[in-house]
Amino acid sequence: MTNDEIQFRPLARSDFPMLAEWLARPHVAEWWGSPSAPEDIEDEYGPIVDRTVPHEAFIAVRAGVPCGFIQSYTPAACHEDGWWLDEHDSGVRGIDQFLCEGDGLGRGLGTRMVSAFVRRLLTDPAVTRVQTDPSPNNGRAIRCYEKSGFREAGIVDTLDGPALLMYADRP
């Protein structure tokens, strides 16, 4: 493994304190909302760890050191929560992520992480495309996604407000 390779290990409950600390960092909280209390982390990510929801969450690791968080979900399975009501293709996967260190922003690490994760998702023949939905104001994330092969599909209204829906299809 070279230092630029990103690996993904499943999120574990033992990661929750680290995840809570990362979510409180200003560069993450700006886009992910206010920091979560430990019980909120358990409520949100416990079902993912227990695999009782159609989501997966991972810690991204570079050169043996955690460098970020990334999750995937099936938008068509999120209807009862009020999300993605127009998406009915069970092969579409959505992703959300962040780098844990603010000084890693703008250096290509996020692009490498997203690209590696999308490649990983698309190795599954059941996955038809990957979507993401950054804030239209998050230019850094949009550039990262574009460099990772995503294309803009348009502005959509989500439960979190307006988002730029973007897709990455198989090459």
Side-chain angles (χ1 to χ4, degrees), residues 6-12 15-16 18-36 40-49 51 53-61 66-79 81-87 89 91-102 104-105 109-122 124 127 129-168:
I6 307 289
Q7 296 186 328
F8 304 98
R9 66 169 176 76
L11 180 70
D15 295 316
F16 288 1
M18 176 179 69
L19 183 60
E21 195 270 322
W22 288 355
L23 287 164
R25 292 180 178 178
H27 75 282
V28 177
E30 176 181 9
W31 303 108
W32 282 65
S34 59
S36 299
D40 296 333
I41 297 290
E42 174 62 38
D43 289 347
E44 185 162 348
Y45 297 99
I48 296 172
V49 170
R51 302 186 62 78
V53 294
H55 292 58
E56 292 184 297
F58 301 87
I59 299 298
V61 179
C67 64
F69 170 83
I70 195 161
Q71 63 185 0
S72 69
Y73 58 92
T74 304
C78 297
H79 294 178
D81 295 330
W83 284 93
W84 307 114
L85 300 178
D86 294 331
E87 183 56 70
D89 180 349
V92 174
R93 297 296 177 268
I95 62 169
D96 302 298
Q97 71 285 314
F98 60 81
L99 294 176
C100 65
E101 299 294 340
L105 300 175
L109 180 58
T111 299
R112 289 194 304 274
M113 180 176 77
V114 169
S115 295
F117 196 71
V118 168
R119 280 191 308 272
R120 182 180 190 271
L121 287 173
L122 291 175
D124 180 347
V127 174
R129 77 170 12 157
V130 180
Q131 76 176 42
T132 191
D133 61 333
S135 165
N137 300 320
N138 191 342
R140 186 184 316 252
I142 292 166
R143 284 188 302 280
C144 169
Y145 293 128
E146 289 172 340
K147 289 188 237 174
S148 299
F150 284 83
R151 62 175 169 64
E152 295 182 15
I155 301 293
V156 295
D157 290 320
T158 74
L159 297 177
D160 289 335
L164 177 61
L165 183 61
M166 301 180 80
Y167 293 119

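The residues of the chain are indexed from 1 along the displayed sequence.
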Let me see the working for S148 and V118 under side-chain contact (heavy atoms from CB on, under 4.5 Å), right down to the final yes or no.
CA-CA 8 Å; S148 299; V118 168; 5.6 Å; no
Residues in side-chain contact (heavy atoms from CB on, under 4.5 Å) with [X], at least two apart?
{"X": "T158", "answer": "W83, W84, D133, V156, D160, A163"}
{"X": "E152", "answer": "I142, E146, L164, M166"}
{"X": "C100", "answer": "W22, R25"}
{"X": "V92", "answer": "P75, E87, D89, T128, R129, Q131"}

Applying side chain to side chain donor-acceptor pair (under 3.5 Å), name anything that partners [X], two or more places apart in sequence or on another chain.
{"X": "S72", "result": "none"}
{"X": "R9", "result": "D15"}
{"X": "E30", "result": "none"}

Check this for me: R151, atom CZ, are more than 12 non-hydrogen atoms of other residues, nucleotides or ligands nearer than 6.0 Å?
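Buried by this count: over 12 neighbours within 6.0 Å.
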Within a reach of under 6.0 Å around CG of D86, are more than 12 heavy atoms found that belong to other residues, nucleotides or ligands?
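No - once you tally the heavy atoms of other residues, nucleotides and ligands closer than 6.0 Å, there are 12 at most.
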I'd like to check I48 versus Y73 (side-chain heavy atoms, cut-off strictly below 4.5 Å). Are they in contact?
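Answer no - side chains too far apart.
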Could you grab the distance from atom [atom1] of [X] to atom [atom2] of [Y], nearest 0.5 Å is fine?
{"X": "I59", "Y": "L19", "atom1": "CD1", "atom2": "CG", "value": "6.0 Å"}
{"X": "T132", "Y": "D96", "atom1": "OG1", "atom2": "CG", "value": "6.0 Å"}
{"X": "M113", "Y": "F98", "atom1": "CE", "atom2": "CZ", "value": "8.5 Å"}
{"X": "R140", "Y": "H27", "atom1": "CZ", "atom2": "NE2", "value": "9.5 Å"}
{"X": "T74", "Y": "E56", "atom1": "OG1", "atom2": "CD", "value": "8.0 Å"}
{"X": "I41", "Y": "F16", "atom1": "CD1", "atom2": "CZ", "value": "7.5 Å"}

Testing the basics here: between L23 and A29, what is the closest heavy-atom pair and its distance to 0.1 Å?
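Result for this residue pair: O-CB, 3.6 Å.
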V114 to C144 - nearest heavy-atom pair and separation:
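Shortest heavy-atom separation between V114 and C144 comes out as CG2-SG, 3.9 Å.
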Inter- and intrachain pairs under ring-ring contact (aromatic ring centres under 6.0 Å, His included), touching residues 131-151, at least two apart
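For residues 131-151: Y145-F150.
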What pairs with F58 under ring pair (Phe, Tyr, Trp, His ring centres under 6.0 Å), at least two apart in sequence or on another chain?
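Expected list: F117.
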Check ring pair (Phe, Tyr, Trp, His ring centres under 6.0 Å) between Y45 and all other residues, then give those that pass, not counting sequence neighbours.
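Partners of Y45 by the ring pair (Phe, Tyr, Trp, His ring centres under 6.0 Å) criterion, ordered by chain and then number, come out as F69.
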